[in-house]
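To start, the structure under review is shown below, and the notes come after it.
Reckoned from all heavy atoms, side chains included, excluding hydrogens, waters and symmetry mates. Everything quoted here is computed from the prediction, not taken from an experiment.
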Amino acid sequence: MRIPVYARAALLMLVLLPWPGTAVAEARTYEFDPDHLFVTFRVEHAGYAHIIGRFMRARGRFMYDEENRSLESGTVTLFAHSVFTGHYQRDKLLRGPGFLNASEYPRIVFETSRFQRTGSRTGRLLGQLEMLGETRAVTLDVTINRVGPNPAAAGMLRPAPYVLGASARGTIVRSRWGMQGDARGGLLADEVELIIELEAHRQAE
């Protein structure tokens, strides 16, 4: 006996639709916790050692699907004036026209475009970095360290914040964004290593 077309369509819908009580994957919004956010960089200095700096002010949010372990639609904003290396004159130079040009370009923005899983807790985050008025592609290697209620806050906050902790690493070539500071002196390498450690709180629906 042949099953009518409309009946076959109804059966297909029953198969594809979730059953009552079945969990459906859903991406949730997470916002960076500024007290547990470290956006740092490392650049070689004249072949002797590396200068390590940090952006003291940053903010960001992203969508994370815990069931599928997938990062989605994230934005990170760094405030150029907040660059800090522990040396006043060097920080002043980094904020100047040859480097970050913070007066004209106060924000550095990274927008995610795609996440490629490479393991149960790892992946590559592809996105666009806008700096000095130029936008270029950047890839970060990401490790999702832990996701769940923060046990340290369990006794102080009710309910305890639901936290995602992650580490990210990447490398940029600063001249691709037109950063020509020290281009002739050769004291600072063109490649800059990015090191990011973060905790983000899941937002209420």
Can you measure from [atom1] ([X]) to [atom2] ([Y]) and round to the nearest 0.5 angstrom?
| X | Y | atom1 | atom2 | answer |
| --- | --- | --- | --- | --- |
| Thr40 | Arg54 | OG1 | CZ | 8.5 Å |
| Asn101 | Arg95 | CG | CZ | 13.0 Å |
| His87 | Leu94 | NE2 | CG | 11.0 Å |
| Arg176 | Glu191 | CZ | CD | 11.0 Å |
| Met131 | Leu78 | CE | CG | 9.5 Å |

For Phe79, the side-chain contact (heavy atoms from CB on, under 4.5 Å) test, sequence neighbours excluded, returns Arg57, Arg59, Thr77, Ser82, Arg107
Partners passing side-chain contact (heavy atoms from CB on, under 4.5 Å) against Ser103 (at least two apart in sequence or in another chain):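 Once residues adjacent in sequence are excluded, the partners of Ser103 under the side-chain contact (heavy atoms from CB on, under 4.5 Å) criterion are His81.
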Partners passing salt bridge (charged side-chain N to carboxylate O under 4.0 Å, His left out) against [X] (at least two apart in sequence or in another chain):
| X | result |
| --- | --- |
| Asp141 | Arg124 |
| Arg28 | Glu205 |
| Glu193 | Arg42 |
| Glu66 | none |

Set of residues satisfying side-chain hydrogen bond (donor to acceptor under 3.5 Å, both in side chains) with respect to Arg61, sequence neighbours excluded: Glu31
Could you list who else is in Phe84's hydrophobic cluster, with ILVMFWY side chains joined at under 4.5 Å, directly or through other members? Met56
Side chain to side chain contact (heavy atoms under 4.5 Å, CB included) between Phe55 and Leu100, intermediate numbers included: CA-CA 12 Å; Phe55 289 93; Leu100 295 173; 3.9 Å; yes
Is there a donor-acceptor pair under 3.5 Å between the side chain of [X] and the backbone N or O of [Y]?
| X | Y | value |
| --- | --- | --- |
| Ser113 | Leu126 | yes |
| Arg69 | Thr122 | no |
| Arg117 | Gly123 | no |
| Glu104 | Ala102 | no |

Exercise: identify the closest heavy-atom pair between [X] and [Y]:
| X | Y | result |
| --- | --- | --- |
| Arg174 | Ala189 | NE-O, 3.0 Å |
| Ser175 | Asp190 | OG-OD2, 2.6 Å |
| Thr85 | Gly53 | CG2-CA, 3.9 Å |
| Met179 | Gly98 | CG-O, 3.6 Å |

Transitively linked via ILVMFWY side-chain contacts under 4.5 Å: [X] with [Y]?
| X | Y | value |
| --- | --- | --- |
| Val109 | Leu129 | no |
| Leu37 | Met63 | no |
| Ile195 | Phe32 | no |

Side-chain donor-acceptor contact under 3.5 Å, Glu130 with Thr135: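 The criterion, which ignores hydrogens and geometry beyond distance, is not satisfied for Thr135 and Glu130.
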Going by distance alone, is a donor N or O of one side chain under 3.5 Å from an acceptor N or O of the other, for Ser70 and Asp65? no
ring-ring contact (aromatic ring centres under 6.0 Å, His included) against [X], all qualifying residues, sequence neighbours excluded:
| X | value |
| --- | --- |
| Phe115 | none |
| Tyr162 | none |
| Phe99 | none |

Taking the side chain as everything from C-beta on, heavy atoms only, tell me whether Glu44 gets closer than 4.5 Å to Leu188. no
Just to verify, which of Val147, Leu71, Leu198 counts as forming a side chain to side chain contact (heavy atoms under 4.5 Å, CB included) with Tyr30? Val147
Arg146 atom CZ: more than 12 heavy-atom contacts under 6.0 Å: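 Open.
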Per-pair distances, 0.1 Å, donor-acceptor, side chain in residues 163-173, under 3.5 Å, sequence neighbours excluded:
{"residue": "Ser167", "atom": "OG", "partner": "Asn145", "partner atom": "ND2", "Å": "3.0"}
{"residue": "Ser167", "atom": "OG", "partner": "Glu197", "partner atom": "OE1", "Å": "2.7"}
{"residue": "Ser167", "atom": "OG", "partner": "Glu197", "partner atom": "OE2", "Å": "3.1"}
{"residue": "Arg169", "atom": "NH1", "partner": "Ile196", "partner atom": "O", "Å": "3.4"}
{"residue": "Arg169", "atom": "NH1", "partner": "Glu197", "partner atom": "OE2", "Å": "3.1"}
{"residue": "Arg169", "atom": "NH2", "partner": "Glu197", "partner atom": "OE2", "Å": "2.8"}

Show your working on side chain to side chain contact (heavy atoms under 4.5 Å, CB included) between Val138 and Phe110 and close with a plain yes or no. CA-CA 9 Å; Val138 168; Phe110 176 74; 4.1 Å; yes
